[in-house]
Amino acid sequence: MNILTVRDLCAGYGATDVLHKVSFTVEQGSIVALLGANGAGKTTILRALSGLLPSRGLVEFGGTDLRQCSPARRVELGLAQIPQGRGTFGDFTVEENLAIGAYTINSKRQIKEDMERWYTAFPRLAERRRQQSGNLSGGEQQMLALARALMSRPKLLMCDEPSLGLAPAITEQIFEIFKSLNHDHGMTLLVVEQNADLTLQFAHTAYVLEAGDITVSGPASDLLRNEAVQQSYLGV
Amino acid sequence: MVLFFQLLIDGLASGAIYASLALALVLIFRATRIVNFGQGEMATLSAYCAWQLCEWGLPVALSFLIVGAASFLLGVFVFRAVIKPVSKAPVETIVVITLGLFVFFQSLCLWLWRADQRAFPAMFPSGGWDILGVRVTASALCILLVLLCLAATMGAIFRFTRLGLAMRASAYSSEKSLLVGIRVERMLMLGWGFAATIGFIAAVLVGPRLFLSPTMMLPILLYALASATLGGWDSPLGALVGGLIVGVAESLGATFLPFIGADLRVVIPIAVTLVILLVRPVGLFGSSTVVKV
Amino acid sequence: MNGTRLFQSAPAALVTAVALCLPFLAPDFMLFEFSIAVCYGIAILGLNLLLGFSGQICLAQGALFGIGAYATAILNVNFGMDPIATLPFAAIITSLIGVLIGLPALRLQGLQLAIVTFGVASAFPQLLLKMDWITGGVTGLATDQPLAPKWFPGSQELWLYGLSLICAAISVFMLRRLLRGDTGRLMRALRDNPLIAESLGVNLTKARLAAFAASSALAGLGGGLFCILNGFISPQSFLPMKSIDILIGGIVGGITSMAGAFIGAVFIVFVPGWTTDINPALGGLIYGLCLIAMMMVARQGIAGLPIGRSLQALGGIFNKKDLSRVPGPLPGQLGGE
Amino acid sequence: MAVVAPAAEEGCPVLSVENVDVRFGGIQALKSVSLNVHMGEICGLIGPNGAGKTTLFNCITRLSTVATGTIRLNGQPIETLPPRQVIRSGIARTFQNLGIYVGMTVLENVMLGAHHISGGCFIDALVRPRHSWQREQEIERRCRDILADLGLEDVADVAAGSLPYATQKRMEIARALASRPTLLLLDEPAGGLTHGEVTEFGALVSRVREAYGVTVVLIEHHMGLVMSLCDRVEVFHLGRNLASGRPEEVRTNPAVINAYLGRSR
Amino acid sequence: MRLPTLIKAPLALQALVFAMLTAAPARAEEPSAGITDDTVKIGISGPLTGPVAALGAIADGVRTRTDPINVAGGVRMADGKTRKIELLVEDDGLDPQRTLTNVRKLVEREEVLAVVATAGTPNNQAIGRYINQRGIPNLFMYSGVHELAGPEWEIGFVPSFTTEAATFAKYLLDNKRQAKVALLYLNTETGQTFQAALESAISDSGVTIVAAQPVTSADPTVETQLSTLKASGADTLVVITGPRQGAEAVRFATESGWKPTTLISNIAASIASLKPAGLENAKGVITSQFLKQVNASMPGDDVGVKRYLADHAAAQSKFSTEDALGQSGYAIGDALVKVLESMKAPTREAMMEAARNLDHAQLDLLLPGITLTTKTGEDVYPIESLQLFQFDGAAYQPMGDVISFEGKTPRH
C-alpha cells in the first residue's frame with residue numbers, strides 16, 4: 001500500500017517552476033531515497049510536500065488529499081520533515097525544542113514518555129537538556145532535529161540531507177537510527193541525500209531527480225548497478 | 001537625604017509608567033519580532049473607549065472588561081488588515097507601517113475626542129503613606145505590583161506553556177514552526193491581540209496619572225523604548241526592571257547632576273541605556289542569540 | 001562599466017527632468033516648497049547611504065540636519081560669513097559630530113542603535129535650549145537672506161531653487177563616487193554580513209564611521225540649505241519627529257535609490273499638506289492611512305514600484321550595476337560548529 | 001595518543017599552531033592543540049563534529065580568541081593581529097556554509113577579496129577618483145583573470161545568489177585567491193556537493209595549489225576527497241589532537257576508526 | 001550645466017509679478033489681493049495635528065465668530081461695502097518651517113488679505129521677514145511673548161507673559177509679602193520670559209524665588225521637579241506650563257501634603273484642564289484672566305457670553321464651550337471683525353491702520369474693563385490688563401478689580 005502518492009507535481013519559487021510534473025509513490029513501511037545533483041529540485045519536493053511552497057498536482061497522503069491541507073494539518077496527519085541545515089530553534093533549550101516538536105500531541109503523558117525515550121536513545125541530548133540548542137555541535141543538532149521530528153510521532157519522516165556536514169561515524173549512526181525506526185517501528189522514510197553510496201545501501205526504493213524531473217527509478221539495489229547513476233552519484 | 005529617598009520613590013513611580021508601555025512593546029516583539037511604534041496610540045484609543053463607556057454610565061469594571069476584549073480584537077484586526085499582507089516585506093517597510101499606525105490612531109483619537117485632557121477613572125486608592133517624611137502613594141505601589149504580576153505571568157507563559165513556546169517559535173522562524181505543526185499566522189495574530197490587551201492594561205494603569213489625551217503616550221514612548229532595550233527586548237521582567245532603572249536614574253540625575261538638570265533629563269534614559277548596552281550588548285535580561293562563524 | 005555617468009536609471013532621469021521643468025510650471029511658493037523638499041532630499045540621501053548601503057540605522061538624522069542648519073546660522077550671525085559660503089563648513093562640522101553619534105554603532109546594531117540615536121534626536125532640541133549662548137535659545141536665529149545676484153534674471157525663489165538643485169547635484173555626484181568601486185562594495189559587504197567583511201580585511205570601525213561621516217555631511221548640507229531658505233531657525237523646527245519624517249521619506253522613496261530620496265522628500269513635504277487640504281480635521285488620519293497604504297503597495301519604496309522597475313529596465317541600457325539589496329545571511333545564520 | 005612533534009621536518013613550517021587553548025564561557029573548545037603545515041602542502045583536518053576544527057580556523061583568522069598558545073605564520077606570531085589584518089598577512093579562508101554576498105555579482109564578490117590591496121579609502125574615492133579608479137581597473141583585470149582561470153568568466157556579472165551551489169563554492173575559492181594568499185583555509189569545501197562535483201572540486205584544489213603556489217588546509221568529512229587530495233591528515237577529537245600522518249596511516253589508525261570513521265571504513 | 005535652462009525660464013513672468021508687487025502700494029485706492037466687493041479672504045496657520053493640536057481650537061474659535069456673521073450677510077466695512085469673511089485654515093503642527101510654507105501658500109496661491117491668530121512665538125518669527133517684505137498683515141498672533149519680527153505688519157493679542165508676571169507679583173506683594181516662591185516653568189520662551197519678568201517685578205521686595213524647575217513638553221511626568229520644589233521649603237507655587245503639567249502640579253500638592261499658595265498661568269488654569277486633577281484639589285488656586293468665565297449650563301445675563309454660546313451652537317464648533325483656547329479664538333475673531341468694520345479702504349495698509357488704532361474696543365468675551373487699545377507708533381499691544389481669580393471648587397471667583405498695565409508692556 002502506498003502511504004504517499006505524488007502525481008504531476010509542479011512547484012517553484014516565484015514565476016518559474018523548479019519541478020515539472022514529478023510523479024512518484026512511497027510505499028508504507030519502506031525507505032525511499034531521492035537522489036540528484038544540486039538544484040535538481042529535491043528540497044523543493046520536500047517543501048512542497050510539507051506545504052511550505054504552493055504547488056499544483058495531486059498529493060495524497062494516507063488516503064487524504066493534501067492539497068487542501070495547511071502545513072500544520074499535514075503535521076497532524078503524520079507528515080514530519082527535518083529540513084536541511086537542521087532546523088532546530090537556536091535560542092530554545094534542547095528540552096524546549098523537544099516540547100515544541102510535540103506541539104501536535106495532546107497527551108501530556110505521551111510527550112513525557114517520548115521525551116524520556118529519545119533522551120535514552122540520544123544520551124548526549126539528555127546531558128544538554130537545559131542548554132540552548134544553538135550551542136550544540138553539528139552532530140548533536142542533527143540528533144536533536146531528528147528527535148524533535150520524532151516527537152510528533154510521524155507516519156512518514158522526510159529528511160533533507162541528514163548527513164550534511166557530519167562526520168562519517170555520526171552519519172552512520174544516524175542511518176542506523178533510521179534503519180531501526182523503519183524496522184522496529186514500521187516508520188516510512190523519505191530521505192534526500194548527496195551521500196548516494198550509503199543511502200542506496202539501506203533504502204528500498206530510489207528515485208533520481210534531474211532538472212525537476214524524475215529520470216531513473218527503481219529498487220535501490222538496481223540503481224546501485226545502474227551505470228549512469230554510478231557515474232554521476234557513486235563515483236566508481 | 002529625605003529628598004534623595006523621595007526622588008528615589010518618585011523615580012520608581014515614573015519608572016512603573018515607562019515599564020507598563022515597555023511591557024506591551026516587549027510582548028509584541030517577543031511574539032512577532034516587530035517593534036510596534038503605534039502600540040501606545042492603540043492603547044490610547046482603547047483607554048478612550050473605556051472612558052467613553054464609563055461616561056455613558058456603564059460601571060467601570062464592566063467597561064474595562066468590554067474594552068479589554070475589544071482591544072484584543074483591535075490587535076487582531078490590525079494584524080490581519082495591515083501587517084499580514086506585508087509579512088514578507090523588508091523590516092523598514094513594517095517600521096513605516098507601524099509609524100503609520102501611530103499617526104493614524106493618534107489622529108483618530110484627536111478627531112473623536114479632541115485634544116483636551118480628561119480624567120481617567122482611577123482603579124486604585126488615591127491616598128498614600130508618609131514614611132519618615134518620604135511620601136509613598138498607594139497608586140504608584142499598586143501599579144508596580146500589578147506590573148510585577150503581569151511581567152511574571154508573561155514570562156511564565158513564554159517559558160512554560162505550549163502556547164508561549166509556540167508563539168516564541170513562530171517569532172523565531174515561521175518556516176520551522178510550520179514544520180512542527182504550529183499555525184504560525186494564528187500565533188502572530190494572538191501575539192498582536194495580547195499585546196493590544198496588555199497595552200490597554202498599561203493605559204488603564206497610567207491613565208489616571210498621565211490624564212487621558214490623544215498624545216498621552218507620546219512623551220513616554222522614548223522612555224519605554226529605552227526601558228525595553230535596557231532590559232533586553234525578549235524579557236518581560238527585563239522591561240519592568242529597565243523601566244524602574246530609567247525612572248530612578250532620571251529622577252536622581254535630573255536633580256543631582258547640575259549640568260543636566262530637569263531640562264535635559266531626556267538625555268538620561270539614553271545615556272543609561274548606552275552604558276548598559278556597551279557593557280552587555282543584549283541588555284540586562286536579554287538572552288544572547290548565538291553568533292558564530 | 002562607466003561609473004562617471006551621472007544618471008543611470010530611469011527614475012533618476014525622471015526626477016531630474018521634473019526638477020528641471022519645475023521653474024516653468026510651478027508658482028513661486030511651490031518652488032519654495034520644492035526647495036525645502038530638496039533640502040530634505042539631501043538629508044535622505046545621507047540616510048540612504050547609511051541605512052540602504054551600509055546597513056546602519058540612524059534616527060538622529062533630523063538632529064544632524066539641525067546641526068547643519070545651526071552651523072550655517074551661527075557662522076552667518078556670529079562670524080558674518082555669507083550664508084552660501086557656510087555650506088561646506090556646515091557639512092564638515094556636521095560630519096564631525098556625526099562621527100561622534102556614530103561611535104555607539106561600533107558596538108550596537110539594528111534596533112538598539114535606532115533607539116540610542118533616536119534618544120539623541122530627542123535630546124537635541126533641549127540641548128539647543130541649554131546652549132543658548134550660541135544658539136540663541138528659544139528665540140532662534142535669523143540669518144541674512146542670500147539675495148539673488150544682480151546678473152540673475154529670475155526671481156529670488158528661482159535663485160534659491162537653483163541653489164538647492166546645485167547642492168543636490170553635488171551631493172548625488174559625491175555619493176556616486178562613494179558608492180562605486182571598492183568603497184561601495186565594502187559598504188554593501190558591511191551591510192550584508194559584517195563578520196565576513198572583516199575576515200576579508202575590511203576595517204569595520206573605519207568603514208562604519210566613514211559611512212556615518214559621509215551621511216552626516218549630507219544631512220548637514222541639507223540642513224544648512226534649509227536654514228538659508230527659511231532665513232530663521234529655532235529649536236522648534238528640529239523636534240525628534242523630524243528624524244522620523246526623514247526616515248519615512250527615505251523608506252517611502254526607496255532606501256537604496258537616489259531618485260527615491262527626492263521622491264520621498266517630496267512625499268514628506270507635500271503629502272501632510274494635501275491630506276489636511278482634503279479635510280482639516282481628518283488630515284492626520286488620512287496621512288496615517290496614506291503611509292500604511294503606500295507601504296503595502298510599494299514595499300521597496302516608490303522607486304521600487306513595478307512602474308519604476310520597468311522604467312529601470314528601460315534604463316538598463318545605461319545601467320550596469322544593480323545596487324539593489326538582496327538580504328544576505330545574518331551573522332547568526334552562518335552556522336558552524 | 002600521537003602528538004605531532006614540532007617542525008622537525010624540512011625547514012620552517014608555513015603555519016605553526018602550538019599548544020593552543022580556547023574557551024567559550026565554561027566550555028573548553030580546544031585543549032593544547034598543535035598543528036604544523038609546510039610549504040605547498042595540502043593538509044586535511046578531520047574529526048567528529050564538535051572536535052574544534054572550525055574553532056581552530058577561527059583562531060587562525062582571529063574570529064575567536066586564543067586563551068594560551070601561539071599561532072605563527074612563516075615564523076611571525078599572528079594570534080594578536082586584529083581580524084582584518086589576517087588576510088593581509090596572507091591567510092584566506094572559505095566558510096562552512098558559504099560566506100558569499102548573494103546580492104553582489106560574482107566579480108564584485110571576488111573583487112572584495114582584493115579589498116585589502118585596493119584599500120577602499122573613502123577620502124580617495126571622493127577627492128582622487130582617477131587614482132582610485134585606475135586601481136579599481138587594475139584589480140578588476142586581475143580578478144577577471146582568476147575567474148577565467150577557474151572557469152567562471154561567463155558568470156562574472158551574474159548575481160552570486162542565483163548560481164548553483166557548486167559554482168558558489170568555486171567562486172569563494174576565487175575570492176580567496178584574489179587576496180593573494182600564501183595559506184588557504186577551506187572549511188568543508190565538498191559539503192553538499194554530489195560525487196561528480198566533489199571529484200571536480202578536488203582537481204580544482206590541486207590545480208590551484210600548483211598555479212598559485214598556495215599551501216592548503218582543509219576541513220572535510222568527505223573521506224574520498226581527503227584520502228585522494230591530502231598529503232597529510234590531522235585528526236582532532238574532543239578539542240585535542242588525536243592522530244596525524246599520511247592519509248592511509250590515519251585511515252587504519254584504530255583510534256581514528258573508533259572516534260571518527262566508524263566500523264564500515 | 002543646469003543654470004542656462006533655469007535662467008531662460010520665466011523672465012517675463014517674474015518681471016510681471018515684481019512689477020505688480022511694487023506697484024500695488026503706490027495706488028492705495030486699488031484693492032489689495034484677497035479683498036473684493038463682497039468677500040475678504042483671511043488665512044490662519046495653526047497646529048491642527050500633533051502633540052499641541054489643542055491649539056487648533058483657536059482657528060475653530062475664529063470660525064465660530066465669523067460663520068454667523070457670514071450667515072447674516074457679512075461685515076459692513078467703513079468703505080460702505082458689506083463683505084463676507086472667507087477663512088482658510090492650514091495645519092502647521094507648530095513647526096515654524098511649515099508655518100512659513102503655509103503662509104506663503106495662503107498669500108501667493110489663495111491670495112489672502114491677511115493672516116490672523118498665528119500660534120507660537122518661533123512660528124511668528126519664522127514668518128516675520130516674509131510678511132514684512134510682502135506687506136501682509138499678521139494680526140492678533142496667539143503668542144504671549146511680544147518679540148516682533150515684522151513690527152510694521154504684526155500685532156499681538158493676548159497679554160504678554162510679562163503682564164501676567166506683573167499681575168502675580170502684585171498679588172504676592174499685596175497679600176504675601178514674605179512669600180518664598182517655587183517656580184515651575186515651561187522651558188520655552190513662555191516660561192523664560194515669565195521667569196525674567198517675575199524676577200524683575202519682585203526685586204527689592206520680601207518675595208523671593210527660592211527654587212525654579214524647568215519642564216519640557218516632552219517630559220512624561222513632572223513629579224521629580226515638584227519633589228525638588230517641595231524640598232526647597234517654598235510656601236508659594238507658581239506654575240507657568242501647559243495644562244497637563246498644571247493639573248499634575250495641583251494633584252501633586254494634594255498627594256504630597258504640600259499646601260502652598262498656588263498661582264497658575266491662565267494657559268493652564270481652565271476648569272476643564274484642572275478637572276483630571278480633581279476639582280476639589282484645585283480649590284484655592286489663583287489665576288489671572290482676561291476672558292469671561294463661561295458656564296454653558298448657567299449662562300447668566302451677560303450679553304457677550306450669550307452671544308458666544310449662540311454662535312458656538314450655530315457654527316457647530318468642535319471645541320467645548322469652556323475651552324479657553326476656543327474662547328481666545330472667538331475673541332480674536334471678534335477683534336478681526338472690529339478691525340474690518342473700521343477699515344476705510346480695501347487695502348492691507350488700511351487694515352493695519354485700523355488694527356493699530358483701536359480705541360478701547362470691547363469684545364464679547366473680554367472681562368468688563370478690559371478692552372483693546374492700540375495706537376500707531378506708540379502702543380502695539382492690544383490687551384494689557386488682567387484680573388485675578390480664585391477657584392472655589394466649582395468656579396473662579398474674581399479677586400479685586402482689573403489690574404491694568406496699559407502701555408507698560410516692555411518692548412524688545
Side-chain angles (χ1 to χ4, degrees), chain C residues 1-4 49 53-55 95 170 173-214 217 256 320-329 331 333-337, chain D residues 29 49-55 57-58 61-63 82-88 92-93 95-105 108-109 111-127 129 132-133 135-137 139-140 157 159-161 175-176 179 187-188 219:
Chain C
M1 193 182 285
N2 186 354
T4 49
L49 173 73
F53 290 98
S54 76
S95 166
I170 293 173
F173 185 64
M174 294 301 234
L175 195 58
R176 289 209 55 82
R177 278 191 174 180
L178 281 183
L179 286 180
R180 67 176 194 196
D182 198 56
T183 44
R185 271 196 307 276
L186 84 85
M187 272 192 286
R188 280 181 293 151
L190 187 71
R191 169 191 77 193
D192 292 345
N193 192 330
L195 274 171
I196 293 175
E198 185 162 37
S199 79
L200 289 173
V202 173
N203 186 336
L204 296 187
T205 309
K206 206 174 108 187
R208 283 196 172 127
L209 291 182
F212 259 96
T256 52
K320 196 73 184 171
K321 259 189 272 180
D322 182 17
L323 293 174
S324 74
R325 177 147 65 144
V326 178
Q333 292 173 344
L334 266 171
E337 300 182 3
Chain D
N49 302 90
K53 305 179 299 281
T54 300
T55 306
F57 268 23
N58 285 349
T61 54
R62 295 284 300 111
L63 293 175
R84 66 190 153 79
Q85 293 288 355
V86 170
I87 195 165
R88 211 175 289 258
R93 78 175 281 186
F95 293 87
Q96 195 173 3
N97 294 347
L98 283 177
I100 64 169
Y101 290 103
V102 291
M104 298 191 198
T105 66
E108 283 176 313
N109 262 292
M111 284 172 78
L112 260 177
H115 164 76
H116 69 97
I117 301 167
S118 69
C121 181
F122 282 76
I123 303 287
D124 256 18
L126 272 183
V127 301
S132 69
W133 195 240
R135 229 168 23 187
E136 172 87 1
Q137 301 271 314
I139 285 171
E140 188 186 329
D157 295 315
R175 185 176 69 189
S179 72
D187 197 348
E188 294 198 29
I219 296 175

Take Leu204(C) and Arg84(D), measure what side chain to side chain contact (heavy atoms under 4.5 Å, CB included) needs, and give me the verdict at the end. CA-CA 8 Å; Leu204(C) 296 187; Arg84(D) 66 190 153 79; over 6 Å; no
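Heavy-atom pairs under 4.5 Å with chain C were tallied for Pro83(D), Ser132(D), Ser179(D); the largest tally goes to Pro83(D). The candidate from Leu126(D), Ile139(D), Val86(D) with the greatest count of non-hydrogen atom pairs under 4.5 Å with chain C is Leu126(D).
Proximity to chain C (any heavy atom under 4.5 Å) is shown, for Arg62(D), by neither the backbone nor the side chain. Proximity to chain D is absent for every atom of Ala213(C), based on heavy atoms less than 4.5 angstrom apart.
Rounding to the nearest 0.5 Å places CD1 of Ile196(C) at 8.5 Å from CD1 of Ile100(D).
Asn109(D) places none of its side-chain heavy atoms less than 4.5 Å from the side chain of Arg185(C). Under the 4.5 Å side-chain criterion, counting only non-hydrogen atoms from C-beta, Tyr101(D) is in contact with Leu200(C). A heavy-atom distance below 4.5 Å is found between the side chains of Leu186(C) and His115(D).
A donor-acceptor pair under 3.5 Å is formed between the side chain of Glu136(D) and the backbone N or O of Asp182(C).
Between Ser199(C) and Phe95(D), the closest heavy-atom pair is OG-CZ, 3.3 Å.
Figure legend: Arg177(C) and Trp133(D) shown without cation-pi pairing, the cationic atom not lying both under 6.0 angstrom from the six-membered ring centre and within 45 degrees of its axis.
Under the 4.0 Å criterion applied to side-chain N and carboxylate O atoms, Glu108(D) and Arg188(C) are assigned as salt-bridge partners.
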